[in-house]
Amino acid sequence: MRVIRDQIKGQPIQIHVVETPDDLPAFRDFVESNRRLLGWDTETTGLDWWNWDRDFRVRLAQFGNASESFVLPVELEGVYASAAKWALGAAERLVAHNGTFDRHVAKVSWGVPMEYLARKSWDSKLTGHLVDGRGVKGGGPSMSLEDQVTHWIDAEDGKRIKGSKAIMAKDVKATTKTFWPIIPLDHPLYLLYAGVDPMWTYRLLLIHWRKIKARTKGLIPWEHQLAHITAEMEHRGVLLDEEYTKKCIDELHTEEEKQKAIAAAYGVEKVGSSNQIVAALEKEGITLTEKTSKGNIKTGEEILGKIDHPLCGAILKASKASKQRSTWFENALKGMDSTGRIHPSVNSLEARTSRMSINGSFAAQTIPKGSSYVRHMLLAEPGHRWGAIDYGNMELRGLAAWSGDPRLLKAFHENLDLHDMTAEAAFGSDVWKMGDPGHHPKRAAGKGTNYTVCFGGGWNAVHTQWGISEEDSKKAVNAFWEAYPGAKRMSRRLMDQARRQGGIYTATGRWVPVDPDRPYAALNYYVQGSCRDITAYGLFKLQEAGYGEFMRLPVHDEVVFSFPENEAEEMAREAARLMEFTVNGLLIPADPEVGLRSWGSVLELEDSKH
DNA sequence: TCCGTTACGTA
DNA sequence: CGTACGTAACGGAC
């Protein structure tokens, strides 16, 4: 058996590379004596595990503790895969970094049920987030294995691994994204890269465990359970309307070509190029002046949309068609498996505030909702109908409940219009009395203020983003804090805590770091983070009640489903009831909607609030 | 090939 | 003192 000797943080490590079946007894001995906690990982041909019946393969499986690991060439012979499968069964506890991916792999490659592994798994990506959930941009460690190693173990080791990818890619004349299926199984850097992974995840878990704040510890099983639920949704996938998708690609392509030709006639070859746009418009006698924060000239919709010139319309139409085509339809088609389903990747614990994100085949959380054009490409299962259940006014209700402000609470308990209330507090009731039919004439300012303040904004944000006059914005924001002193106290308390401790705890005890120069964000972090856990709790209840197999994706304050046609309405009502949650006596309601076959059909319901 | 910037979509 | 994301295209840096 080949042994690679190296170091982590200057400490000696050993990677045992299994080369023949004769090496397996030593592997089994190792697993037996490390069964209490075993780090593991897989190397594959790519991330598209759903193509297991096409060209996806698992190549290596690795198991280890803090200083020793074994690498199995599972791609070669069944005997190695059997050994890997046995090890997964023999371990009492497993730890992996982003282990949901490896559980997909174990399921499609070796038939190991995801649920079986989930029950005894830790995930160092999740524990890392519980310690400090900030990404690199937010001044934090960031959750990728390389970044976690760099931050918590050894900066040199982290960089070395990053560099080794580039070298491997070069060795096989490929890129860092394409070398995975072709790198030889015995490439020394590949074996080193693979072999250190289980050691790192093992070490990271122990480091994180010590650092997770006492109040946050309770979320460890919570996050692992949630990650399992979303992994099952990933595994199930969402049915794609292939015919419709292809039709849209053609349509958009035609539109794009048409508009590009118009733009080209004015000298704009690349409709996304600000330089070309500025130069072409200059020739037409139009000078753009508005600058971005970096001093470049702005050429977005905001600017071009206001100019009455055929070039501007063509540029906007061409880039919109192009972006829709590639972002939605082509990405989805590329990600389709042999059964016609796509498998977007759900990151169950992503943002600083813990909100989930979805990427991959399509970014479900950014799918346009102004029109049903894109949403029509996603279908419920045959004989099913699409269901969508969303929480109503979740964040403002949360603010009311957690702050305990009497007027905010009264508004929701008595079904009053909070936007009218804020408008009244700011601009008086001379022209409008509570309870009168219709709305306060300045309701828009009230609405903008409610949302903006809840999200940590001030009068300037109300002014610029809601189109409210400067004077009204100032008046409304001041009035908000006056009218709802409970919210003011809550914000102040959180800012104090953030200044003293560097962060805040959400309603579920989650630690969220707050930047010292942005203490005002603390209120939003509390509300956003706590609301995310209400959605998470809803998913637990749904799973527990047997609704798991019908769930498709979580979309912030919404969950989408594929329900059997005959019981769809009833199931949606029951699911909504399960999701509803009461915070300090205030209900966060969940509204069920059932469409026809496609996601888009829900949007077209007459009574849809969307 | 990588990465910062800008733009635009969502809650 | 708006917050949190993902994706695409461009264009300079390497």
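All of these numbers come straight from a predicted model, not from anything done at the bench. Below, chains carry the letters A, B, ... as their sequence lines are ordered, and counting in each starts from 1.
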Under-3.5 Å N/O pairs linking protein and nucleotides 11-14 of chain C:
{"from": "dG11(C)", "atom 1": "OP1", "to": "Ser273(A)", "atom 2": "OG", "distance (Å)": "2.6"}

Minimal heavy-atom distance between His463(A) and Ser469(A), with the atoms involved, is ND1-C, 3.8 Å
Choose from dA4(C), dA8(C), dC5(C) the nucleotide whose nearest atom is closest to any side-chain atom of Thr366(A). dC5(C)
As a test of reading the structure: which of dA4(C), dT1(B), dC8(B) is closest to the side chain of Lys323(A), going by heavy atoms? dC8(B)
Detail all sub-3.5 Å separations between protein N/O atoms and N/O atoms belonging to nucleotides 3-5 of chain B.
{"from": "dT5(B)", "atom 1": "OP1", "to": "Lys294(A)", "atom 2": "NZ", "distance (Å)": "3.3"}

Please report the distance, rounded to the nearest Å, between CG in Asn524(A) and P in dT3(C). 8 Å
Mind listing the closest non-hydrogen atom pair of Ser348(A) and Leu126(A) along with its distance? OG-CD2, 4.2 Å
Among dT10(B), dA4(C), dG6(C), the one nearest any side-chain atom of Asn347(A) is dG6(C)
Non-hydrogen atoms of Tyr525(A) and Thr506(A) that approach each other most closely: O-CG2, 4.2 Å
Heavy atoms only, 4.0 Å cut-off, all strands: where does Trp459(A) land among base, sugar-phosphate and nothing? sugar-phosphate
Just checking Glu395(A): base, sugar-phosphate only, or nothing, at a heavy-atom cut-off of under 4.0 Å? nothing
OP1 or OP2 of dA9(C) under 4.0 Å from side-chain N/O of Arg325(A): no
Rounded to whole angstrom units, what separation is found between the NZ atom of Lys291(A) and the P atom of dT6(B)? 12 Å
Can you figure out which of dA8(C), dC5(C), dT1(B) approaches the side chain of Thr175(A) most closely? dT1(B)
Taking for each residue the nucleotide of DNA chain C with the nearest heavy atom, is it Gln528(A) or Tyr520(A) whose nucleotide lies nearer the 5' end? Tyr520(A)
Grab the CD-P distance between Gln324(A) and dA9(C) for me, whole Å please. 13 Å
Does a side-chain N-to-carboxylate-O contact under 4.0 Å join Asp496(A) and Arg499(A)? yes
Between Lys170(A) and dT1(B), is there a contact of a side-chain N or O with OP1 or OP2 at under 4.0 Å? no
Report the distance from atom CG of Asn359(A) to atom P of dA8(C), rounded to the nearest whole Å. 11 Å
Applying the 3.5 Å cut-off to both distances, the Watson-Crick or G-U partner of dT6(B) turns out to be dA8(C)
Would you say dC2(B) has OP1 or OP2 under 4.0 Å from some side-chain N or O of Thr176(A)? yes
Across the strands shown, which category fits Gly448(A) at heavy-atom distances under 4.0 angstrom: base, sugar-phosphate, nothing? nothing
Using whole Å, what does the distance between atom P of nucleotide dG9(B) and atom CZ of Arg375(A) come to? 13 Å
Nearest listed nucleotide, side chain of Arg518(A), among dT3(C), dC5(C), dG9(B): dT3(C)
Has the side chain of Lys320(A) got a donor or acceptor that lies under 3.5 Å from a partner of the other kind on the base of dC8(B)? no
Residues in ring-ring contact (aromatic ring centres under 6.0 Å, His included) contact with Tyr391(A), at least two apart in sequence or another chain: none
Between Arg355(A) and Glu395(A) (salt bridge meaning N to carboxylate O under 4.0 Å), is one present in this structure? yes
Once the angle between the rings of His376(A) and Tyr244(A) is folded into 0 to 90°, is it parallel (under 30°), tilted (30 to 60°) or perpendicular (over 60°)? perpendicular
Atom CD of Glu301(A) to atom P of dT6(B): distance rounded to whole Å? 18 Å
Regarding Lys334(A) and Glu330(A), does a basic nitrogen lie under 4.0 Å from an acidic carboxylate oxygen? no
Heavy-atom closest pair (Leu578(A) atom, Leu542(A) atom, distance to 0.1 Å) is CD1-CD2, 4.1 Å
Non-hydrogen side-chain atoms of Lys125(A) and His129(A) separated by less than 4.5 Å: no
For atom CG of Leu316(A) and atom P of dA9(C), their distance in whole Å: 16 Å
Run the numbers on Tyr526(A) and Trp402(A) for ring pair (Phe, Tyr, Trp, His ring centres under 6.0 Å), then give the verdict. CA-CA 9 Å; Tyr526(A) 187 99; Trp402(A) 289 305; 5.7 Å; yes
Distance below 4.0 Å between Tyr525(A) side-chain N/O and dA4(C) OP1 or OP2: yes
Interatomic distance, Phe455(A) CZ vs dC1(C) C1' [rounded to whole Å]: 17 Å
Any Arg355(A) side-chain N or O less than 4.0 Å from OP1/OP2 of dT10(B): no
